[in-house]
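The block underneath contains the structure these notes are about, expressed in structure tokens.
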Amino acid sequence: MDREPVIHVKDLKKSFGSLEVLKSISVDIYEGEVVVIIGPSGSGKSTFLRCLNRLEDITSGDVRVLNNDISSKHININKVRENIGMVFQHFNLFPHMSVLENITMAPTTLKLMTKEEAEKKGLELLKTVGLESKASTYPAQLSGGQKQRVAIARALEMNPKIMLFDEPTSALDPEMVGEVLNVMKELAKEGMTMCIVTHEIGFAREVASRVIFMDGGYIIEEGTPDEVFNNPKEKRTIDFLNKVL
Amino acid sequence: MYKKLRRFTVISIIGNYWQLLLTSLGQTLLLTLLSLFFAFIIGLIFGLMNVSKKKILNIIGVVYVDGIRGVPLIVLAYFVYFGVPALIRALGASNFKLSALVAGVISLSMNAGAYMAEIFRAGIQSVDKGQMEASRSLGLPYGTSMRKVVLPQAIRTMIPAIISQFIISLKDTSILSVIGFPELTKAGNIMVANTFAAFQVWGIVAVMYMVVIITLSRVAKNLERKLRREDV
């Protein structure tokens, strides 16, 4: 492909003390791609995702996001993060703010929008995630699925160019998984570039443009959902899929 | 002794000295409130240093907290009131003197500030790590995230500890009678010197401290209960 990748990772390594979690990760992700990362727990999936907005310091290697070398100490990481939305396993809504305040706090504090603009956009986003009636509610009164949809709206409020999802449905009761995945499907349809760490294989099959299988700090195999799920080549991928399917 | 006990009843002492008792109680509260105000700021600064990722700030924070907590308040008060001005006079400012109020507020704020730093550290650490991460992932800088997201939640959990520090500092003001600050314990000393009725005077003084402190504790308990209810 001759297009510039929006995320370019070359030989990324990440250690926590003496424990090397990411051993050598290289991958390019292009605009509009929906990349789903699967793999056993402890394989480094979440750590990899968190390196993409430098929530984890990068031990070594090249990580370029939207043409910013985020492995460099000299870059203004906050500016880069404005363009990278992140959704967490445990939602991490701000409990002392209402739903709408959760959404509008960042753009108004950073003076990217006026309060009116932020609220107008926030209410529109709440509508698209089906929660316009909850604007003045506090997070404690929401179900898990509702919290996660608010968290997605909060990330989208910043007009991100990339969205990172770190096991967005793992902390949800089974009956709430669908509502969150549906919001993510809509987002994928609209052409958002997404990186998703998940255990939802069905969702990956349906939505992913590319599936990456990670184990032991390496990318073992990658390809279209059909290639990875129906014709896996590596033994470790086959073993993993046998366990989860 | 018997005669003196009869001559000064609790009622007659209160009748004669109520103005002194009230103004000195006022001074005690003034000293406590001023000190706590500065202790809050000192605690915030050193508490933030202690939770920082920068090693050098951690070291400064630990040195302050451990240093101050390792010195009895009475020694700190003597040091600030007599020691520091003596040094400054020796350095040339021959008339330098600190008022008892200023010296008292400095020593008590430094002392309570060290404990407050620990309260802040514990409060900040009690907030889930994900809160800071979510805020940072939205592009907010560390300091803004602290101020907008972490501290408002931390302070809620800190309120009971802050009130108990308030009570401790209120009692600690009595130590500052040694530098001549006209607070309640100093007033007690004056009254005993005048009446020789130690039993009655110290009884009155003790009850006055007790009433103020029990009232505060009640307020603290209610606040705590209210906060717990809101959390559910």
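We use all heavy atoms of the structure for the numbers below, so side chains are in, but hydrogens, waters and symmetry mates are not. Everything numeric in this text was worked out from a predicted model, so none of it was measured. Quick note on labels: first sequence line is chain A, next is B, and so on, each numbered from 1.
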Heavy atoms from other residues, nucleotides or ligands near NZ of A:Lys185 exceed 12 (cutoff 6.0 Å):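 Yes.
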Is the number of heavy atoms from other residues, nucleotides or ligands under 6.0 Å of B:Phe79 CZ greater than 12? no
Which bit of B:Ser135 comes within less than 4.5 Å of chain A, counting heavy atoms only: side chain, backbone, both or neither? both
Contacting moiety of B:Thr144, where chain A heavy atoms sit under 4.5 Å: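 Just its side chain gets close to chain A.
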Output the option from B:Ser145, B:Gly139, B:Pro141, B:Gly130 having the highest count of non-hydrogen pairs under 4.5 Å with chain A.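 Result: the option with the highest number of such pairs is B:Gly139.
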How long is the gap from CD on A:Glu167 to CD1 on A:Ile196, to the nearest 0.5 Å? 12.5 Å
Distance from A:Met176 atom CE to A:Leu181 atom CG, nearest 0.5 Å?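 It is 13.5 Å, given to the nearest 0.5 Å.
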Any chance the rings of B:Phe40 and B:Phe120 have centres within less than 6.0 Å?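 Ring centres of B:Phe120 and B:Phe40 closer than 6.0 Å.
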Residue pair B:Leu140 / B:Lys148, side-chain heavy-atom distance below 4.5 Å: no
Is any side-chain heavy atom of B:Arg121 closer than 4.5 Å to one of B:Glu118? yes
Filtered by a 4.5 Å non-hydrogen cutoff, the part of residues 47-65 of chain A contacting chain B is A:Arg50, A:Asn53, A:Leu55
Examine whether an atom of [X] lies under 4.5 Å from a heavy atom of chain B, and if so say whether it belongs to the side chain, the backbone or both; otherwise answer neither.
X	answer
A:His90	neither
A:Leu112	neither
A:Phe88	side chain

Using a 4.5 angstrom heavy-atom cutoff, name the option from A:Pro95, A:Pro160, A:Gly85, A:Ala155 with the most pairs to chain B. A:Pro95
List the atom of A:Asp28, the atom of A:Val9, and the distance in Å for their closest heavy-atom pair. OD1-N, 4.0 Å
Residue pairs, two or more places apart or on separate chains, that pass side chain to side chain donor-acceptor pair (under 3.5 Å) and touch residues 166-180 of chain B: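 For residues 166-180 of chain B: B:Gln165-B:Ser169.
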